[in-house]
Amino acid sequence: MVVGDIATGTEVLVVGAGPGGYVAAIRAAQNGLDTTLVDKEAYGGSCLNHGCIPSKAFISATDVAHDARNAEEMGVHADPVVDVAAMQDWKEGVVNQLTGGVEKLCKANGVNLVQGEATFVDDSSVRIAHGGEGQGSESINFEHAIIATGSRPIQVPGFEFTADPVWSSRDALAIDDAPDSLVVVGAGYIGMELSTVFAKLGVDVTVVEMLDGVLPGYEDDVSRVVKKRAEALGIEFNFGEAASGWEETENGIVVATENEDGEESTYDAEKVLVAVGRQPVSESLDPENAGVELTENGFIETDDQTRTNVENIFAVGDVAGEPMLAHKASKEGIVAAEVIAGEPAALDQQAVPAAVFTDPEIATVGMTEAEAEEAGFEPKVGQFPFRANGRSLTTGESEGFVRIVAEAQAGFILGAQIVGPEASELIAELALAVEMGATLEDVASTIHTHPTLAEAVMEAAENADDQAIHTLNR
Ligand code: FAD
């Protein structure tokens, strides 16, 4: 303990108030444990302040304008203008409502809230440095700790986020005005979601990506639908190129890239957004003082109960590894709090859905057909196109499909891939199916409301058994 520190004690110390940490803290308090939650920045973490929520607010606002602008076929004629500063204010209002709600919920559940940066002293105490001149510090002794310190964007050498024309996703979501042109480095989910937002704001968007396609990790026929739509929005793609540098010009900046053969290309723009992935926030915690081991990439390895290599220390969310998703962080937070309370909780990685909020959306859960084969299953696949779904046609959004992968003998659902309207909502039914071990028959024989997009899920399940009504069965 540092001289002058105030020392307090807690049963459960949670470091980081993102969707991993605040959920863990609330559940620990609900379980009757004396719980302290510490964050150096804002309640809600990256997700509520600079990630999921701000990006989805921008996506919704720009969708409204884009859809109105493109509804002539429906007989609607409109030419809306997006006031970016007003959109920013509205987004901030949504963020403040949610972060304020997190603070209130924590307090109402009896969680002690501490503002400051935590570093481990040993495996039963941390030091909290309160930000700002003369703010002092305190030490907190704990019986159990849950590390939920999240992640930050990876920096590309030469593209440090200190200079204004070089944006991280956080900078891109803080704008009051849209640039005329933008180079986006990286065609992963954050790069693709934000490229779409800016293209819909009328910005001239150029994407450079080192790999040979968009959204690596998704099957070709899934990502192709999104790429085609992005190109229709005017987004220009340059694959097989790595960003190598930028410099200012009279009219803005020029971004240089290099391909495998060392050939250089250049792109003029007003700003450059770097979205090449995220890395864990772990080293600044001094985890070695507590004996917590990090992987080569700085992640904290955990077992399926979220326990680290140190018996009384748990890690949840982005800092504990892929998939870096808010709902995975929250589920792990709940598992950690329940394990500490003596309950037999564990995480089932198979049932973690993922969504990309591009136009159209992508959502997946469990295994693809190839992954099912690799895992030794004999897969059976059903697919249904949105163009054969009545509700899709009435919304004017009919690209894409629902695909369900099941195990051939008993029909247990192993996974699903959806690309199309409201994919992020539709995947919930199939995540439930994977989680509860439901079969194709369970989904196919459930009566789905008409006319809804969810009928496409039912018909994909029917199609696996050659029973779909509104498409020819394969
Ligand atoms: P975080 O939310 O990163 O929170 C970590 C907290 O720890 C922060 O508040 C930080 O201040 C605090 N902290 C760190 N170190 C210390 C310390 N030493 N002491 C005290 N406090 C500390 N995920 C989805 O599921 N869906 C989406 O649509 C989605 N969209 C995204 C869009 C963008 C642009 C970005 C950037 C991310 C998006 N994500 C999305 C990912 C999602 O934000 C993360 O997976 C999620 O926030 C991880 O939660 P977490 O609790 O692990 O960490």
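First listed ligand is number 1; within each ligand, the first listed atom is number 1. Numbering starts at 1 and runs along the sequence shown.
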Q: With a 4.0 Å cut-off on heavy atoms, does A42 reach ligand 1?
A: yes
Q: With a 4.0 Å cut-off on heavy atoms, does A148 reach ligand 1?
A: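 Flag set, A148 near ligand 1.
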Q: Please determine whether ring-ring contact (aromatic ring centres under 6.0 Å, His included) holds for the pair W167 and F198, giving the CA-CA distance in whole Å, both sets of side-chain angles, and the decisive distance to 0.1 Å.
A: CA-CA 13 Å; W167 283 354; F198 282 97; 5.8 Å; yes
Q: When you look for heavy atoms under 4.0 Å from ligand 1, do you find them on the side chain of P19, its backbone, both, or neither?
A: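 It is both backbone and side chain that touch ligand 1.
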Q: Heavy-atom distance to atom 10 (C) of ligand 1: which of I53, D39, V114 wins?
A: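 Comparing heavy atoms across I53, D39, V114, the nearest one to atom 10 (C) of ligand 1 lies in D39.
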Q: Do you see a donor-acceptor pair shorter than 3.5 Å between the side chains of S398 and S392?
A: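 Note: S398 and S392 side chains miss the donor-acceptor criterion.
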Q: Relative to ligand 1, is I190 under 4.0 angstrom through side chain, backbone, both or neither, heavy atoms considered?
A: side chain
Q: Charged N to carboxylate O under 4.0 angstrom, R403 versus E369?
A: no
Q: Would you say Y43 contacts ligand 1, with heavy atoms under 4.0 Å as the rule?
A: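 Under 4.0 Å: no for Y43.
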Q: Examine ligand 1 and decide if any of its atoms is less than 4.0 Å from a heavy atom belonging to K56.
A: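 Distance cut 4.0 Å: K56 passes for ligand 1.
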Q: Using a heavy-atom cut-off of under 4.0 Å, does the side chain or the backbone of S55 touch ligand 1, or both, or neither?
A: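 For S55, the contact with ligand 1 is made by the side chain alone.
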Q: Between N49 and ligand 1, which residue portion shows a heavy-atom distance shorter than 4.0 Å: side chain, backbone, both, or neither?
A: neither
Q: Could you tell me whether R170 approaches ligand 1 through its side chain, its backbone, both or neither, with non-hydrogen atoms closer than 4.0 Å?
A: neither
Q: I want to know if ligand 1 touches G317 in the polar sense, i.e. an N/O pair below 3.5 angstrom.
A: no
Q: Which bit of A355 is near ligand 1, meaning a heavy atom under 4.0 Å away: side chain, backbone, both or neither?
A: neither
Q: Does R229 come within less than 4.0 Å of E397, counting only side-chain N to carboxylate O?
A: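 So R229 pairs with E397 through a salt bridge.
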Q: Would you kindly specify which portion of S151 sits under 4.0 Å from ligand 1, judged on non-hydrogen atoms: side chain, backbone, both or neither?
A: backbone
Q: D318 to ligand 1: N or O pair under 3.5 Å?
A: yes
Q: What do we get for R278 next to ligand 1 when only non-hydrogen atoms under 4.0 Å count, side chain, backbone, both or neither?
A: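 Only the side chain of R278 comes within reach of ligand 1.
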Q: With no hydrogens and no angle check, do the side chains of S168 and D171 hold a donor and an acceptor under 3.5 Å apart?
A: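 Short answer, yes.
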Q: Considering only NZ, NE, NH1 and NH2 on the basic side and carboxylate oxygens on the acidic side, decide whether R224 and E219 come within less than 4.0 Å.
A: no
Q: One residue to check: C52. Relative to ligand 1, which of side chain, backbone, both or neither has a non-hydrogen atom less than 4.0 Å away?
A: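 Both parts.
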Q: Under 4.0 Å from any heavy atom of G45, which atoms of ligand 1 are there?
A: 2 (O), 4 (O), 8 (C), 9 (O)
Q: Between L285 and ligand 1, find which residue part has any heavy-atom pair under 4.0 Å and reply side chain, backbone, both or neither.
A: side chain
Q: What atoms in ligand 1 come closer than 4.0 Å to a heavy atom of G116?
A: 19 (N), 20 (C)
Q: Has the side chain of Q88 got a donor or acceptor atom that lies under 3.5 Å from a matching backbone atom of L173?
A: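 Such a contact is found between Q88 side chain and L173 backbone.
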Q: Between D359 and K200 (salt bridge meaning N to carboxylate O under 4.0 Å), is one present in this structure?
A: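 A salt bridge links D359 with K200.
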